[in-house]
Asks: 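The structure is given below, and queries will be raised subsequently.
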Amino acid sequence: MRITDHPILGPAEAGREITIFYNGAPVPAVEGEPIAAALMNAGVRSFRRTAKRDEPRGIFCAIGRCTDCMMIVNGKPNVRTCITGAADGMRVETQYGYGGRKEQA
Amino acid sequence: MKKLRTEVAVVGGGPAGLSAAAEAARAGAKVLLIDENKRLGGQLVKQIHKFFGSEAHHAGVRGYQIARRLLRDVEDAGVTVASNALAYGLFPEKELGVVWDGKHCQVSAERIVLAAGAKENYLAFPGSTLPGVMGAGAAQTMANINRVLPGRRIVMLGSGNVGLIVSYQLMQAGADVVAVVEGADHIGGYGVHAAKLRRAGVPFYLSHTVKRASGDGALARVEIVQVGKNWQSIPGTELTLEADTLCLAAGLNPMTELAWMAGCAFLYLPAFGGHVPAHDAKMETTVPGVYVAGDITGVEEASTAMEEGRMAGLSAAESLGYGAGAALDAERAAIQRRLDDLRAGERGAIRRESKARQTAAAADQRQGGGAT
Amino acid sequence: MTGIAYTGVPSAEELRACPGIPTPERRKKGRVAVIECVQEIPCNPCAAACPFHAISIPGEITALPRLDGELCTGCGRCVALCPGLAITLVDETYGEEEGAVDFPYEFLPLPAEGDTVDAVGRDGRTLCAARVVSVRRPEANDGTRVIRIAVPKRFLDDVKSIRRLARKEEEDAWTTK
């Protein structure tokens with residue numbers, strides 16, 4: 001859910017509205033915002049699955065430190081989505097294990 | 001590989017680093033400020049509450065606005081800024097390895113100020129890795145910077161100032177805080193912050209901890225349990241709270257990697273969050289020419305970080321021959337007074353004592369013939 | 001255990017010992033600040049904010065703020081400036097049956113003038129219904145609103161805020177994927 005108005009910070013700055021693709025499905029985003037923010041707004045909570053136990057991981061630190069938000073972005077694995085800006089048409093996929101897709105896990 | 005030379009290199013662009021860089025440059029030194037983020041300001045940029053302290057500490061001003069002021073100071077003072085630049089190593093002869101905009105470069109400096117800050121502590125319990133369990137700082141970043149609500153029903157674990165402030169800010173952003181859970185028998189942070197939450201209807205569970213977090217693929221429930229004197233759970237006191245987000249506010253620990261690499265002498269001070277580098281009143285470590293400021297010296301408040309940053313910046317510049325005499329001494333005395341203010345009173349006692357041990361350790365090391 | 005460090009609510013003893021509370025005599029004369037700052041923390045913007053020098057922090061910065069009721073005009077400059085939101089104004093002379101309370105408020109949505117809202121005490125419990133007299137947002141407050149409500153006089157000592165108003169139901173679903 002976006003925080004459109006805020007008692008202290010006021011209305012959110014209007015950015016350019018774009019579309020990114022989450023596992024193929026279109027998700028609205030604001031250009032330049034962290035990919036993770038757009039996904040969180042869309043209700044996505046699991047960002048990657050672990051190698052050994054296939055457990056879900058979601059946003060944990062949101063400042064590029066913990067690696068729980070790593071996904072495959074435009075084909076490139078291990079992208080920290082909490083500090084990588086969204087761009088129009090970006091393809092974002094759930095990452096399995098150390099950087100693969102589901103079929104590779 | 002690109003090679004850069006500077007008189008003073010400051011690592012970290014939070015409240016301490018910005019203050020250090022501005023002071024050193026104002027004194028006349030050539031300063032390079034290195035920060036791994038694209039945007040400077042450190043964690044100040046997500047602090048939307050008014051700060052405590054005195055006017056000299058920007059009291060009554062919101063954190064993100066203090067960041068703006070500091071950024072202006074840095075710009076006005078003529079500091080060279082390297083953002084999106086990660087300092088990964090500090091090698092002999094004060095050489096920093098830096099990855100700047102994805103490219104490797106080497107920075108050699110005559111003086112180095114380490115102001116890398118601190119990171120959040122992690123807590124492990126069954127379900128602690130479920131999506132929806134996150135650092136309090138992460139929730140704060142999402143709400144105040146990215147303007148996306150991390151969840152609607154929040155449980156906060158930890159009642160220090162971070163836990164209290166972030167709880168309040170998540171409510172300001174539109175979420176409900178269903179509980180603040182604290183293992184100790186008293187609230188860790190300032191009473192006024194707790195009072196804001198109580199007035200807004202938030203229940204506190206003291207002497208409680210999280211037993212497990214659960215949910216199908218993401219957090220849905222948080223089970224808490226009362227703890228006894230020795231922190232053991234008391235069976236039969238479990239309580240299940242429905243929540244989509246569990247924030248962990250279990251303290252911070254200093255990011256001291258570069259100070260270890262530099263060979264600084266360390267000591268263990270629990271009140272400051274762990275092992276911290278010994279330093280003197282001028283913020284110089286036991287490695288000559290390497291200074292520290294802010295949370296890397298021990299976790300305190302941003303107000304303290306700014307004062308320590310000023311002290312480190314002035315001292316580093318002085319050692320290069322910029323600024324001297326009575327005016328500088330007076331300025332440093334004023335900074336020291338303000339630092340003492342921030343550690344005054346009953347609540348400051350443990351930090352006062354820890355800081356005294358930290359400076360004494362630096363003096364011991366020097367008498368004993370240098371670094372470890 | 002009682003007290004702000006255990007409950008988040010200042011206890012009766014803490015309030016009795018608090019030097020920021022005006023005397024009953026002063027309160028009878030009209031609007032005045034009530035500073036419920038009961039814990040020694042390093043903070044002093046209230047003292048600097050008061051144009052009438054009615055608030056002082058004697059000695060160390062951690063000392064509790066002291067209110068001189070005779071100098072306080074009830075102007076409210078301190079209310080929004082206190083980082084701890086610990087200051088309210090009370091006006092016993094507001095009406096025959098009603099007194100008025102001014103308090104800082106930092107949530108959305110805001111009530112409107114004339115609305116009836118729930119007045120709450122220090123522990124967040126509803127004490128009585130209140131009428132919203134005004135909602136102000138001076139530039140100097142930097143986002144913090146100051147709301148004035150009218151409540152029956154017998155609740156004046158304990159009313160500290162209002163119940164947070166419900167947000168309009170958002171249309172987007174909060175789903176798990």
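What you see is a predicted model, and the numbers here were worked out from it, not measured in a lab. Each chain gets a letter, A, B and so on, in the order the sequences are listed, and its residues count up from 1.
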Asks: Got more than 12 heavy atoms from elsewhere within 6.0 Å of CD, A:E31?
Replies: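 Yes.
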
Asks: With a 4.5 angstrom heavy-atom cut-off, which part of B:I145 approaches chain A: side chain, backbone, both or neither?
Replies: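 For B:I145, neither part sits under 4.5 Å from chain A.
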
Asks: Under a 3.5 Å threshold, yes or no: a donor from one side chain and an acceptor from the other, between A:H6 and B:Q172?
Replies: no

Asks: If you tally heavy-atom pairs under 4.5 Å against chain A, which of B:I48, B:N37, B:T129 wins?
Replies: B:T129

Asks: With no hydrogens and no angle check, do the side chains of B:Q169 and B:N144 hold a donor and an acceptor under 3.5 Å apart?
Replies: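 There is such a pair between these side chains.
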
Asks: Please classify the contact between B:K50 and chain A as side chain, backbone, both or neither, with a heavy-atom cut-off of under 4.5 Å.
Replies: neither

Asks: Side-chain donor-acceptor pair under 3.5 Å between B:N84 and B:E36, yes or no?
Replies: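 No pair is found: no donor N or O on one side chain lies under 3.5 Å from an acceptor on the other.
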
Asks: Counting only non-hydrogen atoms closer than 4.5 Å, does B:M255 touch chain A with its backbone (N, CA, C, O), its side chain (CB onward), both, or neither?
Replies: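 Just the side chain, heavy atoms under 4.5 Å.
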
Asks: Give, as side chain, backbone, both or neither, the part of A:R57 having an atom under 4.5 angstrom from any heavy atom of chain B.
Replies: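 A:R57 touches chain B through backbone and side-chain heavy atoms alike.
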
Asks: Of the backbone (N, CA, C, O) and the side chain (C-beta and beyond), which part of A:A38 lies under 4.5 Å from a heavy atom of chain B, both, or neither?
Replies: neither

Asks: Indicate whether any N or O donor in one side chain lies under 3.5 Å from an N or O acceptor in the other, for B:S83 and B:K38.
Replies: no

Asks: Heavy-atom distances under 4.5 Å only: say whether A:D5 touches chain B with side chain, backbone, both or neither.
Replies: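 Contact with chain B involves the backbone of A:D5 alone.
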
Asks: Assess the side chains of B:Y64 and B:H49: does a donor N or O sit below 3.5 Å from an acceptor N or O?
Replies: no

Asks: If you tally heavy-atom pairs under 4.5 Å against chain A, which of B:A139, B:A138, B:G137, B:A175 wins?
Replies: B:A138

Asks: Name the one of A:K102, A:R101, A:R48 that satisfies side chain to side chain donor-acceptor pair (under 3.5 Å) with A:E93?
Replies: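 Only match with A:E93 under side chain to side chain donor-acceptor pair (under 3.5 Å): A:R101.
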
Asks: Using a cut-off of under 4.5 Å for heavy-atom pairs, which of A:C82, A:A36, A:G64, A:A62 has the most such pairs with chain B?
Replies: A:A62

